[in-house]
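Have a look at the structure below before the remarks.
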There are 2 protein chains.
Amino acid sequence: MPRPAKAPDRTPLSRDRVLRSAIAIADAGGIGALTIRSLAEELGVKPMSVYHHVAGKAEILDNIVDLVFAEIDLPSPGGDWTIEIRRRAHSARKVLRRHPWAIGLMESRTSPGPATLKHHDANIGTLRAAGFSVAMTAHAYALIDSYVYGFALQEAALPFEGPDTVAEVAAPMMQLFTTGQYPHLVELTTEHVLQPGYDFGDEFEFGLTLILDGLARSLPS
Amino acid sequence: MPRPAKAPDRTPLSRDRVLRSAIAIADAGGIGALTIRSLAEELGVKPMSVYHHVAGKAEILDNIVDLVFAEIDLPSPGGDWTIEIRRRAHSARKVLRRHPWAIGLMESRTSPGPATLKHHDANIGTLRAAGFSVAMTAHAYALIDSYVYGFALQEAALPFEGPDTVAEVAAPMMQLFTTGQYPHLVELTTEHVLQPGYDFGDEFEFGLTLILDGLARSLPS
DNA sequence: GAACGTACCGTACTTAGTACGAAAGTGCTA
DNA sequence: TAGCACTTTCGTACTAAGTACGGTACGTTC
């Protein structure tokens, strides 16, 4: 009777569990679903308990962005630079597809965490080892990262997910376009996007190859 | 005495004024500063008055994103495609630099407005007129837009603004790096970023040229 | 067992979005 | 000009969310 059956519930709270739960909530319902209260509920505790492990919501946001970066495969400066950079580009895209909310956060969080810095260091190191000058490395890295993040941003902004739901979403949208405005958009949609097997994600490889080829050409070799 | 000197204050409220003020607030203080209450104050009215011109905050966000797209110069399908596409890329970057919050919103708002659609239509039309096939146009456009948005995203995430404040921000950051971690990051920062005259925005041209050159090569000519 | 540190929580204050209905202004009709 | 309808603005209040402050429960150490 005195013991109200309050089961030990789960492992004790920890900063790590707080951050991992925060990511899980954002993955499931978008960054808007991540509140201190929803987080506490997910963890099986009351809201104020969270504050004993993190300073506030801003710290949570800064840290989960860094944890996302930590998920991206690092290139190793040893191997063929095109293979290494290509591998990390695909990894980055895959990770950002899993955590699309992270893209929006990048714009507002301006203090990079250790994983983010390590990530940048590995990329820069790989390009330097490939023979690019310091200035060329800066150019190349800005180009590659812009492409990767921008592609992820566009994927996140798409109203459909994967190749399966394209038709459901695009077809009714086409109705609106029969007014004759947007003729080129209609053409591209009907003749390309709505074709069976279309997947926007497949466009990634084309641009990546074009960029890496272009960069390779600028290498002394 | 009965009239409490409530001056007519300003022109009557309108949907247009609401949206323009919303953009002004977001420009000045970030998207976090845009609240219905701050918006009402800026407009000289009480919060609930805003709701007679827009349905809710979500509608405001959708519409200001579209208004940002409306600010970007459209390419015209008539001229030299590289010049047209290049012009609109620079315009897009400039606009997104003025309204960096729009980048973060793009990820969460999945219903494009009329200006956004018109924008896409003009770009696709320009590439088609240049001689690209439908499939190649899709590839090219995904590539170009990814680069432009991704570059803007990185610019927005920088802790400094413009060439003048780089040193102030980067120099103290270097202190942290003397531990020997991040050697390549240190090298690139000291030998490139901290050099006089450095401006991250200058990197934009390099990547854009590389991309357009690569695309031009794939054209039958 | 008294003092203390750690983890958790109850209460309450503040800011924000917005539902509801009333009030104030505007113009049109009889 | 009186009445009425429509538009625009606002007062009040409810809900959700971040978090300050202090309290409690439990373990550790001397």
Side-chain angles (χ1 to χ4, degrees), chain A residues 1-26 28-65 101 104-105 108-109 111, chain B residues 1-26 28-65 101 104-105 108-109 111:
Chain A
M1 183 69 80
R3 223 163 307 144
K6 194 181 216 174
D9 221 63
R10 310 174 187 226
T11 51
L13 218 49
S14 74
R15 181 190 177 79
D16 197 66
R17 277 190 65 225
V18 167
L19 296 176
R20 284 189 195 292
S21 286
I23 290 178
I25 291 172
I31 199 70
L34 174 60
T35 68
I36 297 291
R37 287 162 217 265
S38 68
L39 183 52
E41 186 155 23
E42 171 91 7
L43 291 164
V45 299
K46 293 299 157 68
M48 288 314 291
S49 304
V50 173
Y51 285 88
H52 267 268
H53 299 93
V54 292
K57 193 170 181 181
E59 188 182 299
I60 295 177
L61 297 179
D62 280 337
N63 278 280
I64 59 178
V65 168
W101 44 267
L105 281 187
S108 51
R109 315 270 110 201
S111 31
Chain B
M1 183 69 79
R3 224 164 308 144
K6 193 180 219 177
D9 221 65
R10 309 174 187 225
T11 52
L13 219 49
S14 73
R15 181 189 176 80
D16 197 66
R17 277 191 64 226
V18 167
L19 296 176
R20 283 188 195 293
S21 286
I23 290 178
I25 291 172
I31 200 69
L34 174 59
T35 69
I36 298 292
R37 287 162 217 263
S38 68
L39 183 52
E41 185 156 23
E42 170 91 8
L43 291 163
V45 300
K46 292 299 157 71
M48 289 313 291
S49 303
V50 172
Y51 285 88
H52 266 270
H53 299 93
V54 292
K57 192 169 181 182
E59 187 181 298
I60 296 177
L61 297 179
D62 280 338
N63 277 280
I64 60 177
V65 169
W101 44 267
L105 282 186
S108 51
R109 314 271 111 199
S111 31

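Each chain gets a letter, A, B and so on, in the order its sequence line appears, and its residues count up from 1. All values below were derived from every heavy atom in this structure, side-chain atoms included, with hydrogens, water molecules and symmetry-related copies excluded.
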Taking only N and O in the side chain of A/Ser49, is any of them less than 4.0 Å away from OP1 or OP2 of C/dC9? yes
Contacts of B/Arg15 that satisfy salt bridge (charged side-chain N to carboxylate O under 4.0 Å, His left out) - sequence neighbours left out: B/Glu59
Return the value, rounded to whole Å, for the distance between atom CG of B/Leu43 and atom C1' of D/dT8. 14 Å
Given atom CG of B/Leu61 and atom P of C/dA16, what is their separation to the nearest angstrom? 15 Å
May I have the distance from B/Ile31 (atom CD1) to C/dA16 (atom C1'), rounded to whole angstrom? 14 Å
C/dC8, OP1 or OP2 - any side-chain N/O from A/His53 closer than 4.0 Å? yes
Measure from CG on A/Leu39 to C1' on C/dC8 and round the result to the nearest Å. 15 Å
Interatomic distance where CG belongs to B/Leu13 and P belongs to C/dG25 [whole Å]: 16 Å
Output the rounded distance in Å from CD (B/Glu41) to P (C/dG17). 13 Å
Say you draw a straight line from CE of B/Met48 to CZ of B/Arg37; how long is it, rounded to the nearest 0.5 Å? 9.5 Å
To the nearest 0.5 Å, what is the distance between CD on B/Glu42 and OG1 on B/Thr35? 11.0 Å
Could you list the protein-to-nucleotides 16-20 of chain D atom pairs, N/O on both sides, closer than 3.5 Å?
unit_1	atom_1	unit_2	atom_2	d
D/dA17	N7	A/Arg37	NH2	3.2
D/dG18	OP1	A/Lys57	NZ	2.6
D/dG18	OP2	A/Ile36	N	2.6
D/dG18	N7	A/Arg37	NH2	2.4
D/dG18	O6	A/Arg37	NH2	2.6
D/dT19	OP2	A/Tyr51	OH	2.9
D/dT19	OP2	A/Lys57	N	3.0
D/dT19	O5'	A/Tyr51	OH	3.4
D/dT19	O4	A/Arg37	NH2	3.3

Could you tell me the separation between the CD1 atom of B/Ile60 and the C1' atom of C/dG17, rounded to a whole number of Å? 10 Å
Can you find a pair of side-chain heavy atoms, one from A/Trp101 and one from A/Leu61, that are under 4.5 Å apart? no
Between the OG atom in A/Ser21 and the CD atom in A/Glu41, the distance rounded to the nearest 0.5 Å is 12.0 Å
Is there side-chain contact between B/Val45 and B/Leu13, with heavy atoms separated by less than 4.5 Å? yes
